[in-house]
Amino acid sequence: MNSKEFKIVFGNTAKEYDFKKAFGGWYKESPECIAVLELQKSNFGDYYLLNIKVFIQGLFSKNYYLTKDLIKSPIGDITINETQKYRDVFDFDESMMDDVKRREKLEKLFKNHIVPFVNKTLTKNGIIELVRSGRLLLLPAVKKELRI
């Protein structure tokens, strides 16, 4: 599988986990937050970076709407990535991973990292819980706005 084919596989996997596609990314939303998955193609090699961005409604007096600018925004109120454990899933230069293993590892990434994180960050209370448990670090200004 090449990187272009992988993007299709990624999108199909995201869809299986109830993410919707828009403007080249995938998202889930609640009344409190919009979570976005964006595959960013590297200019330095044949690999992607996964940006997971969460936009919190009302934070800094902003209300967010699903637009191309939101999906392509370089950062959200919260921004994380795929973690080092899953980095090789996105690498088509260095990784010699076969297609079956790549699909299996992508599935594990969604099941063990993306879905639990996104589902928790779809509410302000979930975000606060992640911060208080030490599983999420926020910028000081975001913490202040959330009154943590």
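Residue numbers count from 1 along this sequence.
In terms of heavy-atom proximity, Lys124 sits nearest to Glu32 at N-OE1, 2.8 Å. Contact detail for Thr83 and Asn81: the closest heavy-atom pair is N-OD1, 3.0 Å. Minimum heavy-atom separation, Leu66 to Leu70: CA-CD2, 4.2 Å. Looking at every heavy atom in both residues, Met1 comes nearest to Glu5 through CA-OE1, 3.0 Å. Pairing each heavy atom of Ser3 with each of Tyr48, the nearest pair is O-OH, 3.1 Å.
When the ring-ring contact (aromatic ring centres under 6.0 Å, His included) test is applied to Tyr64, the partners found at least two apart in sequence or on another chain are Phe55. Remark: Glu107 engages Thr13, Glu16, Tyr17 in a side-chain contact (heavy atoms from CB on, under 4.5 Å) (not counting sequence neighbours).
To the nearest 0.5 Å, the span separating CG on Asn12 from CH2 on Trp26 amounts to 9.5 Å. Atom CG of Asn112 sits about 4.0 Å away from atom OH of Tyr86, to the nearest 0.5 Å. Taking CD of Glu82 as the start and CG of Asn51 as the end, the distance is 8.5 Å to the nearest 0.5 Å. Rounding to the nearest 0.5 angstrom, the gap separating the CZ atom in Arg103 from the CG atom in Leu106 is 9.0 Å. Here the CZ atom belonging to Phe10 is positioned 5.0 Å from the CG atom belonging to Leu50, to the nearest 0.5 angstrom. Note that the CD1 atom of Ile127 and the CD1 atom of Ile78 stand 4.0 Å from one another [nearest 0.5 Å].
Shown here is Leu49, whose CG atom has more than 12 heavy atoms of other residues, nucleotides or ligands within 6.0 Å.
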Going through the distances and angles, do Thr67 and Lys72 end up as a side-chain contact (heavy atoms from CB on, under 4.5 Å)?
CA-CA 9 Å; Thr67 63; Lys72 299 297 183 186; over 6 Å; no
Verdict with supporting geometry, Val54 and Asp77, side-chain contact (heavy atoms from CB on, under 4.5 Å)
CA-CA 6 Å; Val54 179; Asp77 297 317; 5.9 Å; no
Could you please spell out the steps behind the salt bridge (charged side-chain N to carboxylate O under 4.0 Å, His left out) verdict for Lys41 and Asp46?
CA-CA 8 Å; Lys41 184 75 170 87; Asp46 192 16; 3.1 Å; yes
Report the C-alpha distance between Asp88 and Lys105 in whole Å, list the side-chain angles of each, state the deciding distance to 0.1 Å, and finish with yes or no for salt bridge (charged side-chain N to carboxylate O under 4.0 Å, His left out).
CA-CA 9 Å; Asp88 59 346; Lys105 199 161 183 182; 2.8 Å; yes
Between Val36 and Ser73, does the side-chain contact (heavy atoms from CB on, under 4.5 Å) criterion hold? Intermediate values first, please.
CA-CA 10 Å; Val36 174; Ser73 173; over 6 Å; no
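A continuous path of ILVMFWY side-chain contacts below 4.5 Å connects Leu146 to Val118, so both sit in one hydrophobic cluster. Val115 and Tyr27 are not part of a single hydrophobic cluster, where members link through side-chain heavy atoms under 4.5 Å apart. In the hydrophobic clustering of this structure, Ile148 does not group with Leu137; members are Ile, Leu, Val, Met, Phe, Trp, Tyr whose side-chain heavy atoms approach within less than 4.5 Å, directly or through other members. Under the 4.5 Å side-chain heavy-atom criterion for grouping Ile, Leu, Val, Met, Phe, Trp and Tyr, Ile8 is not connected to Val100 through any hydrophobic cluster. The cluster map of Ile, Leu, Val, Met, Phe, Trp and Tyr, joined by side-chain heavy atoms under 4.5 Å apart, puts Leu136 and Ile34 in different clusters.
Within the 4.5 Å cutoff, side-chain heavy atoms of Val89 are placed close to those of Phe6. Residues Phe90 and Leu39 have side chains in contact (heavy-atom distance under 4.5 Å, counting atoms from C-beta outward). Looking at heavy atoms from C-beta onward, Thr79 lies out of side-chain contact with Ile52 at the 4.5 angstrom threshold. In this structure the side chain of Asp99 never reaches within 4.5 angstrom of the side chain of Val9, judged on heavy atoms.
Using cut-offs of 30° and 60° on the angle between ring planes, the pair Phe117 and His113 is parallel.
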